[in-house]
Amino acid sequence: MTDLPLLAGLALVVAAATATVLVRDPGRQAFPLALLGLALGVLFLLLQAPDVALSQLAVGCALTPLMVLLTVRKARRRARPRGRADAAPARLRHEEEDRE
Amino acid sequence: MNGWLAAATALLVCGVGPAAYGVVTGPVHRRIAAQNLTTTLVSLVLLLLAQGYARPAYVDTALLLAVLGPAGTLVYVRLLAPDVAERPPRPRRLRALTLTNYVAVAAVTLPLCAAAGPGRSLAKLLVIAVLLGLGSHVTARAMTAGPGGPADDETSPDGPAPDGPVTGGRVTGGASTDGPVTGAPADDGRTPGGPVTDGPVDDRRAPGDPVTDGPTYDGQPPGAPLTNGPAAGGPGAGR
């Protein structure tokens with residue numbers, strides 16, 4: 001009975017981790033990742049480790065989604081000119097060479 | 001196992017559970033709103049756990065989450081603005097969800113304040129409650145800002161357009177045109193290449209006659225010898 005909060009926290013962590021694995025699109029995966037961070041923070045607090053919970057919440061709540069979404073956005077922008085490669089392949093080759 | 005821990009468990013199972021389901025499924029606007037609700041509810045759970053375990057130090061985690069939770073949600077709103085603009089949230093549902101946030105914050109914070117009594121811990125609780133409410137409000141406003149808000153610069157590949165020299169076909173500065181410096185293509189009725197008739201045209205002169213009164217180009221067809229000024233009629237003639 002006294003372990004009920006701990007069990008609830010563990011169940012939430014398991015559910016969030018499973019949801020993270022099941023979501024395939026990286027842009028959408030940021031959401032269950034943040035949820036996993038939150039659940040882990042709660043679990044750490046339930047296990048009487050508040051400092052670890054502090055670090056986990058700081059990283060998992062704001063930083064991880066930010067990094068994931070920034071990467072997705074950067075990858076999308078890079079992929080966009082390739083879609084126009086059929087129209088002007090020569091110019092794009094120069095652009096990529098300039099970039100490198 | 002006291003009442004606070006039971007309340008924390010109940011909030012975790014009945015509140016965070018459905019909100020977590022809303023985060024992992026559905027359209028983007030629903031996920032962002034559910035994410036906001038989840039961070040609020042988890043912060044309240046942490047407050048209840050702090051009271052249940054009788055450890056005031058645990059309140060700091062709730063304070064951190066009250067600050068970072070809305071920041072994280074605003075990150076989503078900012079970086080997923082195009083997806084939100086594609087399928088914007090229904091205002092009534094968003095308002096109902098925001099109201100749920102406020103009610104949950106009040107329902108949990110008031111008993112905790114009553115239990116805490118006056119002092120620093122009460123002030124901390126109030127600060128957390130205000131931050132959570134403010135975070136919900138700001139996030140809801142950011143989601144309904146729409147494509148006219150700060151999400152405009154999502155469309156340009158290099159971020160917001162710089163305020164420096166304009167590019168893309170507009171005339172830069174005014175030095176390259178003969179007309180007034182307006183930054184727009186000079187359009188005051190002149191056809192390019194035609195005779196410049198800036199001043200009054202002297203109708204008494206026929207084209208080709210030597211100009212004897214001042215340096216004007218009136219009426220001279222292009223290509224005609226420029227006979228004006230001191231050069232007309234020999235050096236120093238009348239000038």
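Lettering follows sequence order; numbering is per chain, from 1.
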- prompt: Tell me, do M67(A) and V75(B) make a side-chain contact under 4.5 Å, heavy atoms counted?
  reply: no
query: How about P5(A) and L12(B): do any of their side-chain heavy atoms sit closer than 4.5 Å?
result: no
Straight-line distance of [X] [atom1] to [Y] [atom2], nearest 0.5 Å:
X      : Y      : atom1 : atom2 : answer
Y58(B) : L46(A) : OH    : CG    : 9.0 Å
T61(B) : Q56(A) : OG1   : CD    : 12.5 Å
Q35(B) : L38(A) : CD    : CG    : 6.5 Å
R78(B) : L66(A) : CZ    : CG    : 11.0 Å
T9(B)  : L7(A)  : OG1   : CG    : 9.5 Å

Go through the atoms of [X] and report whether side chain, backbone, both or neither lie under 4.5 Å from a heavy atom of chain A.
X      : answer
D83(B) : side chain
Y76(B) : both
A20(B) : both
T39(B) : both
V13(B) : side chain
I32(B) : both

Check side-chain contact (heavy atoms from CB on, under 4.5 Å) between [X] and all other residues, then give those that pass, not counting sequence neighbours.
X       : result
L64(B)  : L54(A), L57(A), A58(A), L68(B)
A123(B) : none
L97(B)  : A33(B), L37(B)

Shortest non-hydrogen contact between V28(B) and F31(A), atoms and distance: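 Where V28(B) meets F31(A) most closely, the heavy atoms are CG1-CZ, 4.4 Å.
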query: How far apart are the closest heavy atoms of C61(A) and G69(B), and which atoms are they?
result: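 Shortest heavy-atom separation between C61(A) and G69(B) comes out as SG-CA, 4.4 Å.
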- line: Residues of residues 9-16 of chain A with a heavy atom under 4.5 Å from any heavy atom of chain B, in residue-number order, are G9(A), L12(A)
Can you say whether [X] sits under 4.5 Å from chain B via the side chain, the backbone, both, or neither, judging by heavy atoms?
X      : value
A19(A) : side chain
A39(A) : neither
Q48(A) : both

